[in-house]
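Working notes, structure below.
Counting starts at 1 for both ligands and their atoms, following the listed order.
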Amino acid sequence: MTALRAVSRRPRIVAGNWKMNRTATEGGALARELAALSAADPAMPAAPVVVLCPSFPLLEAVGRALAGSGMRLGAQNLHAETHGAFTGEVSGAMLAAAGCAWVIVGHSERRQLMGETDAQVAAKLRAAQRDGLVPIVCVGETLAEYQANRTEEVLVRQVTTVWHGLSLEGARGTVVAYEPVWAIGTGKVATPEQARDAHRVIRATLDRVVGGEAGGALVILYGGSVNAGNAASLFAESDVDGALVGGASLEAASFWKIVAAAAAAG
Ligand code: PGA
């Protein structure tokens, strides 16, 4: 597996999860700032893939601001059904029609605050693919699980439940985000070694669950207090393919430094 991964590098991806922040006007302005930084950056648009994930009411304004920049538009959640009596929910087809090509699925805030289960996350992954969206599927252990030394067990359970039954081709159309819950929004970033070890557990589990060397093929992002100062050391780990960035994605200059670190990591 190691030799295979060395032959062709997986794409690098940096995704910004804006969470419940900014209005459409503010989001459009932030996206225009990023588009300007991208246009001025000689390393772009070659690498990496940059995805912005604002709240639903911002999608149109941010999509307009990103047009022609090479950056991509993503949402933060979707409902698994195609349509119907699900007040307040949004379908994948609606997101695609609004210009999204990506969607975050199973973020730990949704798992913890809205009670999303592994089974629901699995259904959302499939719904995203049905509707032509690339799902960025989040996994990761809570602080209590981390302190109880249960990280590996939790990751194996989440990956097994969510990816079970997908073909190699289907799995390759997904992106994993390893986000230890204790690192999200806390300023306590995982060490590069901790991220590497978790990513290796995820890759080994994907090999087992999907087969066909899926583990080496999938892009795995690290998320949790990534910022301009720590991104390069995380990207230096060959198993870390990019980042899902929360707080530091809300300010154009800091987010672009993370994108530049991914570009420099090659
Ligand atoms: P953070 O959030 O970068 O603010 O820790 C990451 C995330 O929740 O995706």
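A side chain to side chain donor-acceptor pair (under 3.5 Å) with Y178 is found for exactly one of Q194, H199, E141, namely E141. With respect to T160, the side chain to side chain contact (heavy atoms under 4.5 Å, CB included) criterion is satisfied by exactly one of L206, T205, D118: T205. Screening D131, L78, L73, N77 for a side chain to side chain contact (heavy atoms under 4.5 Å, CB included) involving L95 leaves a single residue, L78. A side chain to side chain contact (heavy atoms under 4.5 Å, CB included) with F255 is found for one member of L30, L34, V226 and no other, namely L34.
Heavy atoms of A248 stay at 4.0 angstrom or farther from ligand 1. Heavy atoms of A183 approach ligand 1 to within less than 4.0 angstrom. The closest approach between any non-hydrogen atom of G223 and ligand 1 is not below 4.0 Å.
At the top of the distance list for atom 4 (O) of ligand 1, counting protein heavy atoms only, stands G247 N, 2.8 Å. Among all non-hydrogen protein atoms, the one lying nearest atom 3 (O) of ligand 1 is G246 N, 2.8 Å. Here the protein heavy atom with the shortest distance to atom 7 (C) of ligand 1 is E179 OE2, 3.2 Å.
Listed by atom number, the atoms of ligand 1 under 4.0 Å from H107 heavy atoms are 7 (C), 8 (O), 9 (O). For ligand 1, the atoms sitting less than 4.0 Å from at least one non-hydrogen atom of G185 are 1 (P), 4 (O), 5 (O), numbered in the order shown with element in parentheses. Atoms of ligand 1 lying under 4.0 Å from any heavy atom of G224, numbered from 1 in the order shown and given with element: 5 (O).
At a heavy-atom cutoff of 4.0 Å, ligand 1 is contacted by the side chain of N17 but not by its backbone. The proximity of C138 to ligand 1, defined as any non-hydrogen pair under 4.0 Å, does not occur for either the backbone or the side chain.
Salt bridge status for R64 with E60: present, with a side-chain N to carboxylate O gap under 4.0 Å.
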